[in-house]
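Below you'll find the structure, written out as structure tokens, and then a few comments.
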Number of protein chains: 2
Amino acid sequence: MAATLADVAARAGVSTATVSRVLRGNYPVAEATRSRVRRAVAELDYVVNGPASALAAASSDLVGVLVHDIADPYFGILAGAVQESLGEPGVDGGRLAVVCGTRSSHERELACLTLLLRQRAAAVVITGSARDDPEAVRAVTTRLRRLTEAGTRVVLCGRPPLPEDIGAGTLTFDNRGGARKLTEHLLHLGHRRIGYLAGPRGRSTSRHRLEGHQEALAARGDADGPVVHVSFDRAAGYDGARALLQKDPRLTAVVCANDSVALGACAALRDLGLQVPRDVSVTGFVDLPFSGDAMPPLTTARLPLQQAGARAGRIATGAEEPPPGGRANVSAELIVRSSTAPPPS
Amino acid sequence: MAATLADVAARAGVSTATVSRVLRGNYPVAEATRSRVRRAVAELDYVVNGPASALAAASSDLVGVLVHDIADPYFGILAGAVQESLGEPGVDGGRLAVVCGTRSSHERELACLTLLLRQRAAAVVITGSARDDPEAVRAVTTRLRRLTEAGTRVVLCGRPPLPEDIGAGTLTFDNRGGARKLTEHLLHLGHRRIGYLAGPRGRSTSRHRLEGHQEALAARGDADGPVVHVSFDRAAGYDGARALLQKDPRLTAVVCANDSVALGACAALRDLGLQVPRDVSVTGFVDLPFSGDAMPPLTTARLPLQQAGARAGRIATGAEEPPPGGRANVSAELIVRSSTAPPPS
DNA sequence: AGCGCACTAGTAAGCGCTTTCTATCACCCC
DNA sequence: GGGGTGATAGAAAGCGCTTACTAGTGCGCT
């Protein structure tokens, strides 16, 4: 069997309490003793028993990261940044990221939170859009409150603030503003028939982006164009674009919920014999790493995912103060590339 | 404080042993008692203390996934598939994926393994290329052996088998074969001056792909073209393509270590005023989701990451038998798109 | 010289669960 | 009718660590 604290203590000729103190470094130990203990640890290749330690100390070094889907680059970048900010996985320090894919399912999200509660996670970073219905929001809030009560730090990243203050730090993304900029850009180019390929219904992110789009139209006094709701992936964008053009074949621009959807839309338009941007302009959202290499390079609203994730991670570990008032808004920057151009005359 | 097993036991009027048995379901309990316990659990909103449970049972429900970088789609897909295959995060079941980004650093890889050992992880899936030098391989093997000795199941995914049998399941990717097919495709098109943009030196994956490429050349009796080593990302591909063309400005094709590198190479060629594939053909490797939407759509060798990751996860959880002999090879499929064409005449 | 304080290190009581061993109770068959 | 036989449930001994609390030094100060 693996060596235990007692083995190390015996070998170093000290008590287990002393070994524990050397390892945790939160209590003075004489230099001579300390080095004797360190030697014993090395000789036995001793590795702390995490569960035992977590039980006795009533806290673990696990940090939960809730994402919709790890394989989606949006969440991959977020999760990677959080994980990166957790610090070196050194012998003494080292928090571990527990990444949970919720597949956008409310039930799975709750189940994951319960699992994290059960692990007595040190912190939880929860990302992705929230469901709009109050019932769901309340359920998640309840779970998160349980977590904060248990001493787990909670950070929301790219998600609307909770309806109730439970001491969670919140980093929201300016989805509304980004969408407004994108639509203004199209209006500026002269587009008047703009379709909108929205994210799934009932999700905060979908709603905010759509609202931003409509605000821009309203500001100019234009009526809303056709809207089709799809999920946030490429395949949905492909189908959605066709549906949109069926509603109005004379569209000159399609605003998409995100870059993946935009890529699908571009493919669909191509297959319909339309050129982007000559015949139809297309915009994305987020600016994923490959969006600039896409065919054509996508005009989009950039969200600084890397920075946001890193900040969320630092807040989660206590390395950074939560933003004043518990909330901060991360703004989106308009990136103009070649998927948008003036409408055909 | 949160309710404990004892609280539930008191409320249900039974012993803690009984409650534990109801929860774990591995011991007969009378139906009446069982439902009484379940009610008490629900009423108190009881959640098991994971660390305590792991300590007593000497095993946790954490599964470690080692990747180079979560934000890289290659690893994101792999990690997502592993996580997905871990099963529903239900109340009773539910393994959690602990994703560790090693940033390709040998030291971090070892540190992560130690951390996982400390958590008494149920299993570990380790992905990504391995360092070629024996010293590093030995260090990793030692750590993995420690894990298997502690009862942790170990699965290698997309990584060469260990030099020693420690009971780890291994899923290798046919990097050599994929690279061979790609080069044969180019030779077939008529290319005779082919440059190779290899992955980082000293990595198994880089080496295997390069060897496959050279095998294809050798089979035809052709001499090797220029080779430049870069890291596995887009920026490196950009710089690498320029370096390659400096070595031989008359190249008609560039074979790249993976899709990201290929994307960078395409961008570099464009910036040099060359058209892909009219002037220079480019190939990738892996077939990431966006590779078909790239400019131009990439000819590449597809690796079924999703399936491989899922299988690795199932082996890790014991849901699937390890392959016969402990190893299986996952083959790569040639995908021809428009980044390759006959050389300019 | 005597007292108290600053350092260290040991003692031991848990942390909340799992599980072996044991006890109890029906029940049934010879 | 008595003892074997299952089926249930309880008692209690840890799992390996952390951390109050306690104890033993040696030193400075009055």
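Throughout, protein chains are lettered first and strands after them, A, B, ... in sequence-line order, and every chain is numbered starting at 1. Model, not experiment: these values are computed from the prediction.
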Original post:
Looking only at atom types and distance, does a side-chain atom of A:S204 sit under 3.5 Å from a main-chain N or O of A:S129, one as donor and one as acceptor?
Top reply: no

Subject >> Non-hydrogen atoms of B:L96 and A:C100 that approach each other most closely >> reply: CD2-SG, 3.8 Å

Original post:
Is the distance from OP1 or OP2 of C:dT18 to the nearest side-chain N or O of B:N26 less than 4.0 Å?
Top reply: no

**OP:** Could you check how far CG of A:L5 sits from P of D:dC17, rounded to whole Å?
**Re:** 4 Å

Original post:
More than 12 heavy atoms of other residues, nucleotides or ligands under 6.0 Å from CD of A:E321: is that the case?
Top reply: no

Original post:
Looking across every strand, which nucleic acid part, if any, lies under 4.0 Å from B:T4 by heavy atom: base, sugar-phosphate, or nothing?
Top reply: sugar-phosphate

**OP:** Find the distance A:L23:CG to D:dT18:C1' and express it as a whole number of Å.
**Re:** 12 Å

Subject >> Nearest-angstrom distance from the residue atom CD of B:Q119 to P of D:dC17 >> reply: 13 Å

Subject >> Separation of C:dG16 C1' from B:Y46 OH (nearest whole Å) >> reply: 7 Å

**OP:** To the nearest Å, give me how far apart CG (B:N49) and C1' (C:dG16) are.
**Re:** 6 Å

**OP:** Please check if any side-chain donor atom of A:T102 sits under 3.5 Å from a side-chain acceptor atom of A:S105, or the reverse.
**Re:** no

**OP:** Could you check how far CZ of A:R120 sits from C1' of C:dC17, rounded to whole Å?
**Re:** 11 Å

Subject >> Nearest-neighbour nucleotide for the B:R24 side chain, D:dT18, C:dT18, D:dG16 considered >> reply: C:dT18

Original post:
Nearest of C:dC15, C:dT18, D:dC17 to any side-chain atom of B:A56?
Top reply: C:dT18

Original post:
Got a sec, which residues hit side-chain hydrogen bond (donor to acceptor under 3.5 Å, both in side chains) with A:R103, two or more places apart in sequence or on another chain?
Top reply: B:E84

Original post:
Taking protein heavy atoms under 4.0 Å as touching, what does nucleotides 4-11 of chain C look like 5' to 3' if B marks base contact, S marks sugar-phosphate-only contact and - marks none?
Top reply: ----SBBB

Subject >> side-chain contact (heavy atoms from CB on, under 4.5 Å), paired with B:V155, selected from B:T317, B:I315, B:V63 >> reply: B:I315

